[in-house]
Amino acid sequence: MERKVRVRFAPSPTGPLHIGGVRTALYNYIFARQNGGDMILRIEDTDSRRFVPGAEDYINESLAWLGIGIDEGVREGGAYGPYKQSERRDIYRENVKTLLDNGKAYIAFDTPEELEEARGRIANFQYDASTRGSMRNSLTMPAEEVERLIADGAQYVVRFKIEPDREVKVNDLIRGEVVINSSILDDKVLYKSADDLPTYHLANIVDDHLMEVSHVIRGEEWLPSAPLHVLLYEAFGWQDTMPKFVHLPLLLKPVGNGKLSKRDGDKLGFPVFPLEWHEPASGEISSGYREKGYLPEAVVNFLALLGWNPGDDSELMSMDDLIRKFSFAHCSKSGAKFDYKKGIWFNHEYLGKADNALLAQLLEPTLVENGITDADPEYTAKAIGMVKGRADLVPDLWTQGDFFFRAPEAYAEKDVKKRWSADTPRIMEELIGVLEGIDDMTSANAEKIVLDWIADKGYHLGNVMNAFRLAVVGACRGPHMFDITELMPKEEVIARIRRAIEKIPVPAND
Ligand code: GLU
């Protein structure tokens, strides 16, 4: 019988969620939605030494920003909780006991010094079938001694007793059947008495089983753990409900070889985190896609195509499109280069289509940063509508449209030289008169009146219009002039022309 699709994103709250983790969450979400399944968010916080405050909130906020919905989790609740591993100690304890009782695991007392000593004594030491017989564990010690040590409070670990020389098969929906020999595996630690917590491997398997996870979709870096996980499923007798494995290709550096790292982002100027992150210990700030001015839809579209393709040449895809088109059959085995420039291209495309009122909200912090605190949101939205086609990131809306909000402080030298001649001030004075006479400043109307005036007087169209633009914008750039003057209050337009007449030095002679 086909099982209900239940997937989980299982991050460890050890810092900000890396962009690779975001892609894993996204694929899980898309697959769940495509199959009418459930998306679980499980917090894997069993490594207390690596716990970072704020990381869990960061994960939640990142997923919410990107529109990656969670059906079951710490915040959402659900029938399979708790969804935080540190709250599931009893469950793990019980399952560790099952393995011990079945002889699938054993207790080991070796101290770090003793392990060090073994490494010195035995070449290529690993704790396994070939060495466990010479170590201090419940397989080599009398039962009474084991009991006495535990009663005395000695620290111990529980190790998985891996049978050597067995073929372990992992069925991966992207990679096919991956086979390894069990002898290369060591007797992994499953539980540590010191903090009364399981290790990642045990907690992960027990939870995937109890939460009825049907597909384990995660990064390729977890592929080496998969054979161990298969063996654990078998040791528990859960092989019939073993989830299907899907190991997603690595995200690679944009240039050169190897895994994408934070350093690549710092060097080339792109974020590797969804949101800005303030490291609590050092105070270091790492940039995030949201704060840099990316739209979540663009980030989702960009990430979806890192390791998967739709099988045709479509590029711009909404979340709904992705849910319709996604399949593991079109996921690649080899790593995906993190082409951050493509990410900027996606953002440019989404910005161009985005709602102006929404963009006005997103631009607000940039306006405030530049001392514009009283902008009318409707005015801002209209101004944005005129410049968004030229913007890649949200702050570009400011660099492209700053003149909508403040008069030019300076005038572009090269444009002044080309367009501001000895009789320009006089013509600009005349232009003020023309503008004052226009009641209806809508673009087409004002354009007709001004162009008729230029033609009547026999003025040079390009010179007059560019001088006009120079006065209002500060440089010969920006959208259609009469669209600008339709939006900007007429008094402001006139005041700027007056200011330019006053401030721009007239050349000695033409
Ligand atoms: N806690 C692991 C991580 O941080 C989960 C890996 C898995 O999905 O099994 O990525």
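Start at 1 and go down the list; that is how both ligands and their atoms are numbered. Count residues from 1 along the sequence.
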- Determine whether the side chain, the backbone, both or neither of Val216 has a heavy atom under 4.0 Å from any heavy atom of ligand 1.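 It is neither part, as no heavy atom is under 4.0 Å.
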- Task: Measure Trp222 to ligand 1 on non-hydrogen atoms and call it side chain, backbone, both or neither using the 4.0 Å cut-off.
- Result: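 Only the side chain of Trp222 comes within reach of ligand 1.
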- Query: Closest non-hydrogen protein atom to atom 5 (C) of ligand 1, residue and atom name please, with distance?
  - Reply: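 Scanning the protein heavy atoms, the shortest distance from atom 5 (C) of ligand 1 goes to Ala10 O, 3.1 Å.
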- Heavy-atom nearest neighbour in the protein, as seen from atom 4 (O) of ligand 1, with distance rounded to 0.1 Å: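 For atom 4 (O) of ligand 1, the nearest protein heavy atom comes out as Ser12 OG, 3.2 Å.
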- Query: In this structure, which one of Phe245, Phe31, Phe9, Tyr27 forms a ring-ring contact (aromatic ring centres under 6.0 Å, His included) with His215?
  - Reply: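 Considering Phe245, Phe31, Phe9, Tyr27, a ring-ring contact (aromatic ring centres under 6.0 Å, His included) with His215 is found only for Phe31.
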- Message: Applying the ring-ring contact (aromatic ring centres under 6.0 Å, His included) criterion to Phe302, which one of Trp308, Phe338, Tyr350, Phe270 satisfies it?
- Response: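 Option passing the ring-ring contact (aromatic ring centres under 6.0 Å, His included) with Phe302: Phe338.
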- Asp71: which of Arg42, Arg33, Lys4, Arg6 passes salt bridge (charged side-chain N to carboxylate O under 4.0 Å, His left out):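 Between Asp71 and the candidates, salt bridge (charged side-chain N to carboxylate O under 4.0 Å, His left out) is satisfied uniquely by Arg33.
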- Does Tyr200 have a non-hydrogen atom less than 4.0 Å from ligand 1?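 It does, in that a heavy atom of Tyr200 comes within the 4.0 Å cut-off of ligand 1.
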- Give a yes/no on ligand 1: does Arg8 have at least one heavy atom closer than 4.0 angstrom to it?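 Right, Arg8 reaches ligand 1.
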- By number and element, which atoms of ligand 1 are closer than 4.0 Å to a non-hydrogen atom of Glu44?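 Checking each atom against Glu44, I get 1 (N), 2 (C), 5 (C).
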- Task: Just say parallel, tilted or perpendicular for the rings of Trp277 and Tyr58, cut-offs at 30° and 60°.
- Result: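 Taking Tyr58 first and then Trp277, their aromatic rings stand perpendicular (interplane angle over 60°).
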- Query: Would Arg88 and Glu94 pass as an ion pair if we require N to O under 4.0 Å?
  - Reply: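 No, no charged N to carboxylate O under 4.0 Å.
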